[in-house]
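Down below is the structure, laid out as structure tokens.
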Amino acid sequence: MITHENQIDSWIEEAEQSGEVAIDTETTSLDAHQANLVGISLSTKIGKACYIPIGHKSKGCLKKEIVIKKLKPLFEDKSVKKIGQNIKFDFIVLYKHGIAMSSMEDTMLMSYVLDAGKNRHNMDMLSQIHLGHKTISFKEIVGTGKKEINFSDVEINKAMHYAAEDADITYRLYKIFSKNLKLEKLLNIYEIFEKPLIKILAFMEIEGIKIDNKSLKVLSEKFEKKIKKLEKEIFKISKKEFNIASPKQLGEVIYNELKIAGIKKTRKGSFATSANVLEDLAFKGHKFPQLILDWRQVSKLKNTYSDSLPEHINPNTKRVHTSFLLAATTTGRLASSDPNLQNIPIKSEDGKDIRKAFIAEKGNILISADYNQIEMRILADLADVKELKKAFKNDEDIHSLTASQVFNVDIKKVDQDMRRKAKAINFGIIYGISQYGLAKQINVSNHEAEEFLNAYFFKFPEIKIYMDKTIKFCRKTGYVNNIFGRRSHFTGINDKNFNIRNFQERAAINAPIQGSASEIMRLAMIRLDKKLKSLIKNELKILLQIHDELIFEVPEKEVKNMTKIIKEEMSSVTSSDLHSFSTPLTVDLNIGNNWGILH
DNA sequence: TTTTTCACG
DNA sequence: ACGTACGTGAAAAAG
């Protein structure tokens, strides 16, 4: 326990000496964007850590300004590695307290590179797995539910044991993972694809995006009216009121009271009421299921978006700050949470209205830039599919080409329906297709779907070879590699359960495709960031990443210059230290004062 | 805490 | 005979 500011000096000295220090911050909130510092822990040797209390309500804290002034030079010293667990969080908190941390290492990301798909990467889990030690959990310290207290109300000694342990464990994990990354030859992946993203994402999150509170409120009212109207119609048919949102009650009404169809159950034995099932029933001419579908769509938009998004507006910045998760997926993709800004509606008209509420600041413009058909291009490259590569080089419409191959007609004779089916086949291929899945998707018989696939694999034999090879490799090693060398693990690939095994096989086929695409986006973000830093004055801000798309905000007068730079940097990510890519990448750009008209 | 549903790429 | 498209996060119900 640091009880006097002068005690910090020896810790700083040790950190400067060794060039490494594990750090952890304790704060008033798990949301980095509104968190205030409560304490900082440091570890410079295994088994040795300290806690600097700053913002506890009880006695014994040091003055925040003095602690920050002392630690700032160390945290900003490029020659000393700052090691953290999910250090993007600490970076954001410290940045808001006037410290721009440099030379960051992250044990969460190291674990992710080593073990994606094997386990989660939170510290409690990592400590248990790699050190056989059960850590003091956050919940043990702050309690849960109604009894939950703020960290600033935690008694100082209790906080010390918890926080100092975290720094100590982080340092221990760092030592283990450093060794393992070298042994497994995965250090490159960590250095090239993970570390640079920490700061880039931190600044995207800090920047946030503006939303139009008023128009969302108007939308909510409009949705509410629609919901009320649909409810009236629904209850008129059911002849009683019930909770439409309850699958249990809804199933009871559909199958036992109205007897619209023979009882259909889910895998787990409850009534089947998913959109797929309801669409089938609606197709058979029933009015009721369609009303339910409509009700669900509007309720979803209201509950999840128009009602919720305004609650995420930060009172200080008046903008919405998502959190990008770097270690959530098996494939290398990012995820977004609190709120998730990677699943904002676009498909329905009502949905698009939600998007329109994401706006540029006055005088600014939003730019969207997305990779055209990136996963199909990856597949062409990954499986070395001659016909596909040629098509992309000639800038052909890939779904029309597929249609002409599968249905054996001239590309000029491909009609809407053929193209739609071919598109479904292409998607299916990326997901590790089954004839059953395809048949369901495009509403043809199993037999027909099988013939389509046979024709497809006959025309593109390299794809079948790729699929078989990938599964074989995965069965042997337990993982697959993407084109840059990132691993995704599939622990159930040899499971004795047929369903589990099949599921894992499809995931294993998909992972290198989805994963390589996400790597290209990571490289694009890193390139762009570097380019923007090289400009004398940079006013282009990256706000969001939605897997194959980036959203930017920029002053109006800069739009022309910046679109050029964006396109140039994104489409030239065709090689890295780890792979060179022989299929061209094309980027589509759109501009507007809101996100709704960017497509 | 788990299950179901549904929004996105 | 069985039951499947791949990857996510959030809301609501129900245990």
Side-chain angles (χ1 to χ4, degrees), chain A residues 116-117 144-145 242-251 265-278 292-293 295-309 311-312 322-325 327-348 350-352 354-355 370-371 373-375 379 424-442 446 449 453 480 488 490 497-515 517-518 521 544-550 595 599:
Chain A
T144 146
F242 66 99
N243 187 345
I244 304 168
S246 159
K248 199 179 162 190
Q249 294 179 40
L250 177 63
K265 301 243 171 149
T266 64
R267 194 160 39 87
K268 300 218 161 138
S270 43
F271 291 119
T273 67
S274 69
N276 262 338
V277 174
L278 296 184
I292 301 295
L293 287 166
W295 182 91
R296 279 209 184 135
Q297 198 198 24
V298 187
S299 299
K300 177 79 175 181
L301 293 177
K302 181 170 187 289
N303 292 332
T304 311
Y305 300 104
S306 58
D307 281 355
S308 303
L309 282 169
E311 292 169 19
H312 287 282
T322 184
S323 178
F324 285 105
L325 315 182
T329 69
T330 311
T331 57
R333 266 197 183 178
L334 306 181
S336 155
S337 73
D338 310 293
N340 181 355
L341 296 186
Q342 289 181 323
N343 73 342
I344 300 302
I346 188 169
K347 286 166 187 168
S348 71
D350 281 339
K352 269 187 198 140
I354 306 265
R355 259 187 200 224
D370 67 283
Y371 280 116
Q373 292 287 354
I374 188 161
E375 293 195 341
L379 177 63
I425 295 174
N426 281 335
F427 271 107
I429 292 292
I430 287 167
Y431 297 152
I433 203 160
S434 70
Q435 48 152 305
Y436 178 90
L438 179 66
K440 251 188 144 175
Q441 192 67 31
I442 59 176
N446 262 339
L453 288 179
V480 294
S488 298
F490 296 93
N497 180 315
F498 175 86
N499 286 324
I500 294 175
R501 204 170 60 241
N502 273 7
F503 182 66
Q504 295 259 305
E505 284 175 359
R506 290 194 297 272
I509 288 171
N510 172 262
I513 303 170
Q514 189 186 112
S518 85
M521 181 53 96
L544 302 175
Q545 188 252 48
I546 309 105
H547 310 306
D548 62 356
E549 175 186 16
L550 291 173
W595 193 6
H599 287 270

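Here is how names work: the chains are called A, B, and so on, in the same order as the sequence lines, proteins then strands, and each is numbered from 1.
Scanning all heavy atoms of the two residues, the minimum distance from A:I354 to A:Y305 falls at CD1-CB, 3.6 Å. The two residues A:E375 and A:A517 come nearest to each other via the heavy atoms CG-CB, 4.1 Å. Of all the heavy atoms in A:S348 and A:Q297, the pair that sits closest is CB-NE2, 3.2 Å. Of all the heavy atoms in A:I430 and A:N510, the pair that sits closest is O-ND2, 3.0 Å.
Counting to the nearest Å, the C1' atom of C:dA13 and the CH2 atom of A:W295 are 11 Å from each other. Computed from coordinates, the A:N276 CG to B:dT4 C1' distance equals 14 Å when rounded to whole Å. The interatomic distance linking A:I292 (CD1) with C:dA13 (C1') rounds to 15 Å, in whole Å. Rounded to an integer number of Å, the gap from A:Y431 OH to B:dG9 P is 10 Å. Separating the CG atom of A:L278 from the P atom of B:dT4 is a distance of 15 Å, rounded to the nearest angstrom. Following rounding to the nearest Å, A:I425 (CD1) and C:dC6 (P) show an atom-to-atom distance of 17 Å.
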I'd like a table of atom pairs between the protein and nucleotides 7-9 of chain C - only N or O on both sides, under 3.5 Å - with the distance next to each one.
{"residue": "C:dG7", "atom": "O4'", "partner": "A:Q514", "partner atom": "OE1", "Å": "3.4"}
{"residue": "C:dG7", "atom": "O4'", "partner": "A:Q514", "partner atom": "NE2", "Å": "2.9"}
{"residue": "C:dT8", "atom": "OP1", "partner": "A:T330", "partner atom": "N", "Å": "3.0"}
{"residue": "C:dT8", "atom": "OP1", "partner": "A:T330", "partner atom": "OG1", "Å": "3.3"}
{"residue": "C:dG9", "atom": "O4'", "partner": "A:N340", "partner atom": "ND2", "Å": "2.9"}

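B:dC8 and C:dG3 have their C1' atoms separated by 25 Å, with the value rounded to a whole Å. For the P atom pair drawn from C:dT4 and B:dT4, the interatomic distance equals 11 Å after rounding to whole Å.
Within the nucleic acid shown, A:G432 has no heavy atom closer than 4.0 Å to any nucleic acid atom. Among the protein residues, A:Q297 comes within range of the sugar-phosphate backbone only, with heavy atoms under 4.0 Å from sugar or phosphate atoms but none that close to a base. A:I546 comes within 4.0 angstrom of the backbone, heavy atoms only, and of no base. Within the nucleic acid shown, A:N502 comes within 4.0 Å of at least one base atom, counting heavy atoms only. Using a 4.0 Å heavy-atom cutoff across all strands shown, A:S299 reaches no nucleic acid atom at all. Looking at heavy-atom distances under 4.0 Å, A:A275 makes contact with sugar-phosphate atoms alone, never a base. Backbone-only engagement by A:K248 is indicated by non-hydrogen atom pairs under 4.0 Å involving sugar-phosphate atoms exclusively.
One distance of note links OG of A:S274 with CZ of A:R296; it measures 7.5 Å at 0.5 Å rounding. Considering OH of A:Y431 and CD1 of A:I513, their distance stands at 10.5 Å, rounded to 0.5 Å. A:T273 OG1 to A:Q249 CD: the interatomic distance, rounded to the nearest 0.5 Å, is 11.5 Å.
Shown here, C:dC2 forms no base pair; nothing in the strands shown gives a Watson-Crick or G-U wobble contact with both key distances under 3.5 Å.
With B:dC8, B:dT5, C:dA13 as the choices, the nucleotide that has an atom nearest any side-chain atom of A:R296 turns out to be B:dT5.
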